[in-house]
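The shown structure was predicted, so the numbers you read here are calculated from the model rather than taken from an experiment.
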Amino acid sequence: MADPNVAADVNPRPVVEGGRAALVSEQPVEWTHAQAPVAYEDALNQMEARAAAVAAHEAREQVWLLEHPPLYTAGTSANASDLVDANRFPVFQAGRGGQYTYHGPGQRVAYLMLDLRDRGRDVRCFVSGVEQLVIDALAEFGVTGERREGRIGVWVARDDGTEAKIAAIGIRIRRWVSFHGLSINVNPDLSHFDGIVPCGIREFGVTSLADLGVPATLADVDEALQRNFNRLFGSVL
């Protein structure tokens, strides 16, 4: 199979047991927590450098947990018409798969620098595994996260029959190493999403754990992510 350099904007297939086993690596993964919001340009430079080092076998795989100051990012499939208010927050070209999304305080961002050469070399299975990581972490808070055909990310069905997105996923693969990753809305200001059409989907909104009445902290979500990462992807350093 050719060595990919892609922005993964794919409809992932569910992770069956065989595919899940392929995602697991015996090499421990370094988890890093940023103590203060990280500027987007700095984060992009750091994760690209780490992904290159992983590809060269010069560094361990890494999961980097952080927050950003309020900003919008545009993925490789972004439509300019979905940027409703270009002056509200800074806008960055991300290079990941997907469309426009928002990052800001109260949202857990997890950047994943993982070596797919040791995890099955299957981009669709990998993206599905990242979705499953979020779904399983949300389940620990009594929230049922779901996939939707043709829509990347994790969705929640409301009691009134509507549904909303609670987590976004955008992955880049270079030399079989991933970077970018996922974001989960814990307790962000949801009005900040009004400056874009999130992920290009106009008919559905966004939600958060706080919006659903779940009083979780970022630290609570970090612990749930780490527990489920251990099960799906392998041990944490």
Mark yes or no for whether [X], through its side chain, and [Y], through its backbone, hold a donor-acceptor pair below 3.5 Å.
X	Y	value
His68	Gly104	no
Asn185	Thr207	yes
Asn228	Ala224	yes
Arg88	Ile196	no
Ser178	Ile173	no
Arg117	Gly120	no

Side chains of [X] and [Y] only: does a donor on one sit below 3.5 Å from an acceptor on the other?
X	Y	value
Ser208	Asn187	no
Gln27	Asp115	no
Ser191	Asp194	no
Arg172	Thr76	no

| message | If hydrophobic clusters are built by linking Ile, Leu, Val, Met, Phe, Trp and Tyr wherever their side-chain heavy atoms come under 4.5 Å apart, do Val63 and Leu66 end up in the same one? | response |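 Shared cluster, no.
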| said: Quick check: is Val154 connected to Val127 through a chain of hydrophobic side chains (ILVMFWY, heavy atoms under 4.5 Å apart)? | reply: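 Linked, Val127 and Val154 end up in one cluster.
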List the atom of [X], the atom of [Y], and the distance in Å for their closest heavy-atom pair.
X	Y	answer
Val109	Ser183	CG2-CB, 4.1 Å
Tyr102	Pro105	OH-CD, 4.0 Å
Gly129	Leu232	O-CD1, 4.1 Å
Val206	Ala164	C-CB, 3.7 Å
Ile169	Glu131	CD1-CG, 3.2 Å
Phe89	Leu71	CB-CA, 3.9 Å

| message | Using 30° and 60° as the class boundaries, would you call the ring planes of Phe233 and Phe229 parallel, tilted or perpendicular? | response |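 Parallel, since the angle between the ring planes stays under 30°.
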| task | Check the pair Thr32, Leu65 against side-chain contact (heavy atoms from CB on, under 4.5 Å), reporting the backbone distance first and the verdict last. | result | CA-CA 6 Å; Thr32 305; Leu65 302 175; over 6 Å; no
Any carboxylate oxygen within less than 4.0 angstrom of a Lys/Arg side-chain nitrogen, looking at [X] and [Y]?
X	Y	result
Arg119	Glu61	yes
Glu146	Arg151	no
Arg231	Asp136	yes

| field | Candidate pair Asp220 and Phe141, rule side-chain contact (heavy atoms from CB on, under 4.5 Å), full reasoning | value | CA-CA 9 Å; Asp220 295 332; Phe141 303 98; 3.9 Å; yes
| said: For Glu41, is the CD atom crowded, meaning more than 12 foreign heavy atoms sit under 6.0 Å from it? | reply: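 Result for CD/Glu41: enclosed.
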| For Asp159, does the CG atom have more than 12 heavy-atom neighbours from other residues, nucleotides or ligands under 6.0 Å away? |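 Open: at most 12 neighbouring heavy atoms sit under 6.0 Å from CG of Asp159.
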| field | Distance in Å, Leu23 CG paired with Leu116 CG, rounded so as to fall on 0.5 Å steps | value |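 Going from the CG atom of Leu23 to the CG atom of Leu116 covers 8.0 Å.
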| message | Does the Lys NZ or Arg CZ of Arg121 fall within the cation-pi geometry relative to Phe126 - under 6.0 Å from the ring centre and within 45° of the axis? | response |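 So Arg121 doesn't make the cation-pi contact.
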| query | Can the positive tip of Arg174 be found less than 6.0 Å from the middle of the six-membered ring of Trp176, inside 45° of the ring normal? | reply |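 Judged by the rule (NZ or CZ under 6.0 Å from the ring centre, within 45° of its axis), Arg174 is not positioned above Trp176.
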| message | Under the criterion salt bridge (charged side-chain N to carboxylate O under 4.0 Å, His left out), I'd like the reasoning laid out for Arg227 against Glu140: C-alpha separation, chi angles, the key distance, then a yes or no. | response | CA-CA 10 Å; Arg227 279 191 293 270; Glu140 295 196 17; 2.5 Å; yes
| For Tyr100 and Tyr72, what are the C-alpha separation, side-chain angles and deciding distance, and is it a ring pair (Phe, Tyr, Trp, His ring centres under 6.0 Å)? | CA-CA 7 Å; Tyr100 281 105; Tyr72 299 128; 7.7 Å; no
